[in-house]
Amino acid sequence: MMRGHGTAPYKENTVKRLVALALITLLAGCATQGKSESQIFDEAATAHVMSLPAGANKVRLHSVKIASHGVIGDMLATVLGGGANAGQLRQELLNAQRLGDSGFLIIGASSSVDVAVVENACEGLGLRGMNIYYAGTEAQQDKVRHAVEKAQARFHFINT
């Protein structure tokens, strides 16, 4: 008797198709083109210069890029509150503040890890007078805005 023997190839082909579809979807998402880092920096720098008082003779715009470590890595980093990325961002924000600089660009990974990193980096900081430019997607914009404004900094969004 050969019960069920005829369904095994069907199940195997279905699984293969689902795996192929998931891979194509993932790769298509990675291939979408947004602004280059240079374009993002130029946009933030222009906005920052426009925000400075007339006659300002020193312009510095610090920047940090939040790295993406893939879907699973980003989920782990989010669970860990941004991990080392949050610590690095916090230190860079404090350095900019210590130097008296008012501009800071955060180039996000365009994932939930952005929110975790910024929230934990800004926790308990007083960044009054600082302009923080966040380059990311609208999906994270409001949560990042909340974290930045909680630290008393001015928030500016750059859609990537």
Side-chain angles (χ1 to χ4, degrees), residues 21-160:
L21 180 62
L23 183 60
I24 290 169
T25 303
L26 178 67
L27 292 175
C30 294
T32 57
Q33 292 294 322
K35 294 177 184 172
S36 70
E37 283 185 42
S38 177
Q39 290 171 317
I40 292 167
F41 190 85
D42 288 346
E43 188 174 333
T46 300
H48 184 56
V49 167
M50 299 300 287
S51 75
L52 295 173
N57 59 2
K58 180 178 91 169
V59 177
R60 255 193 306 221
L61 180 65
H62 299 261
S63 67
V64 166
K65 180 177 181 181
I66 298 172
S68 175
H69 303 290
V71 175
I72 294 172
D74 285 354
M75 285 191 302
L76 288 172
T78 300
V79 168
L80 296 173
N85 285 337
Q88 177 192 4
L89 176 57
R90 182 180 190 87
Q91 190 58 49
E92 292 295 328
L93 287 166
L94 290 170
N95 287 341
Q97 186 180 43
R98 182 181 49 78
L99 292 170
D101 296 331
S102 63
F104 202 96
L105 169 62
I106 301 169
I107 301 174
S110 297
S111 70
S112 60
V113 76
D114 293 359
V115 176
V117 168
V118 175
E119 282 179 343
N120 287 312
C122 290
E123 183 68 34
L125 293 182
L127 302 174
R128 185 176 309 264
M130 190 170 281
N131 289 296
I132 296 182
Y133 302 87
Y134 166 67
T137 61
E138 291 178 2
Q140 286 76 32
Q141 177 183 2
D142 289 335
K143 290 180 181 177
V144 172
R145 174 191 303 275
H146 178 71
V148 167
E149 289 177 347
K150 189 175 176 183
Q152 304 168 348
R154 286 181 300 279
F155 176 84
H156 307 273
F157 177 68
I158 299 172
N159 194 339
T160 57

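Each residue takes its place number in the sequence, starting with 1. Quick note: numbers below take in every heavy atom, side chains included, and nothing from hydrogens, waters or symmetry partners. None of these values were measured; they are calculated from a predicted model.
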Just verifying a value: how many Å separate [X] [atom1] and [Y] [atom2], rounded to the nearest 0.5 Å?
| X | Y | atom1 | atom2 | answer |
| --- | --- | --- | --- | --- |
| E92 | I106 | CD | CD1 | 11.0 Å |
| R154 | L127 | CZ | CG | 11.0 Å |
| K65 | Q88 | NZ | CD | 12.0 Å |
| N159 | K35 | CG | NZ | 6.0 Å |
| L52 | N131 | CG | CG | 7.5 Å |
| I107 | F41 | CD1 | CZ | 8.0 Å |

Among residues at least two apart in sequence or on other chains, which ones pass ring-ring contact (aromatic ring centres under 6.0 Å, His included) with F104?
none
May I ask you to check whether H62 and N95 show a side-chain donor-acceptor distance below 3.5 Å?
no
Examine the side chains of T46 and E43 and answer whether a donor and an acceptor come within less than 3.5 Å of each other.
no
Compare every heavy atom of [Y] with every heavy atom of [X], then report the nearest pair and how far apart it is.
| X | Y | value |
| --- | --- | --- |
| L105 | A44 | CD1-CB, 3.9 Å |
| Q97 | G126 | NE2-O, 2.6 Å |
| D114 | A109 | OD1-N, 2.7 Å |
| R90 | N120 | NH1-O, 3.6 Å |
| G129 | S102 | O-CB, 3.5 Å |
| E138 | F157 | N-CZ, 3.8 Å |

Distance-only check: which donor-acceptor pairs under 3.5 Å involve side-chain atoms of residues 143-150, not counting sequence neighbours?
none

Specify whether H48 and Y133 have parallel, tilted or perpendicular ring planes, treating 30° as the upper limit for parallel and 60° as the lower limit for perpendicular.
perpendicular
Close side-chain approach of I132 to L93, heavy-atom, < 4.5 Å
yes
